[in-house]
Amino acid sequence: MEMDGQQSEGLSSVAYWLFKSEPGDWSWEEQKAQGAKGEEWSRVRNYQARNFMREMKVGDLGFFYHSVKEKRVVGIVKVCAEAHQDSEDDTGTWECVDVAAVCDMPEPVHLDQIKAEPKLEKMVLVNNSRLSVQPVSDQEWKIVCRMGGLKEPPKA
DNA sequence: GCCAACGTTGGC
DNA sequence: GCCAACGTTGGC
């Protein structure tokens with residue numbers, strides 16, 4: 001019997017994540033333009049972030065967060081391909097998943113709102129602002145979805 | 001294997 | 001634009 005928290009077969013096989021991007025680099029609009037086929041989440045050059053991507057399964061969901069200027073969750077994405085070689089890396093070190101846009105956040109959730117919510121004080125976004133790919137707990141997922149105006153958090 | 005120096009990210 | 005936090009690099 002193994003219960004590693006993140007993935008317990010049957011109960012909740014979907015994990016949740018948060019993907020950060022500077023809109024000037026890769027924006028939600030650009031992501032949506034890729035449609036259901038999705039796009040590589042490439043150019044991540046951080047081991048922790050890479051390792052999280054290695055844990056991802058097709059169907060996992062994630063927040064799409066605009067950093068720096070906007071600092072808000074603007075949409076939801078779905079993992080549509082598991083970790084593979086980053087096509088923009090020729091050293092063989094870096095991998096990435098593919099993600100596809102699922103839906104907009106009806107009301108984008110600003111970092112200030114997240115910081116103001118005591119139940120979200122443990123979010124990685126709050127405590128390690130520099131990590132660009134990070135895990136989100138089931139509870140955090142629900143709360144942020146609700147704050148963003150989604151009555152029913154999307155299911156994979 | 002430690003740690004100082006440096007580079008980068010991203011909030012403020 | 002500044003700087004804190006974090007990660008990486010490289011000399012010892």
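In what follows, chains are A, B, ... by sequence order, proteins preceding strands, each numbered from 1.
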Which atom pairs link the protein and nucleotides 4-9 of chain C when you take only N or O atoms and keep those under 3.5 Å?
unit_1	atom_1	unit_2	atom_2	d
C:dA5	N3	A:R130	NH1	2.9
C:dC6	N1	A:R130	NH1	3.4
C:dC6	O2	A:R130	NH1	2.2
C:dG7	OP1	A:Q48	OE1	2.9

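For A:W94, the ring pair (Phe, Tyr, Trp, His ring centres under 6.0 Å) criterion is met by A:Y47, not counting sequence neighbours. The ring pair (Phe, Tyr, Trp, His ring centres under 6.0 Å) check on A:F63 picks up A:W141, with sequence neighbours excluded.
For the pair A:K69 and B:dC12, the criterion of a side-chain N or O lying under 4.0 Å from OP1 or OP2 is not met. The phosphate of B:dG10 (OP1 or OP2) has no side-chain N or O of A:K71 nearer than 4.0 angstrom.
A:D98 and A:W41 share no side-chain donor-acceptor pair at under 3.5 Å. Side-chain polar atoms of A:Q31 and A:W26 form a donor-acceptor pair below 3.5 angstrom.
Paired with A:R43 under the rule salt bridge (charged side-chain N to carboxylate O under 4.0 Å, His left out), one option of A:E88, A:E22, A:E95 passes, and it is A:E88.
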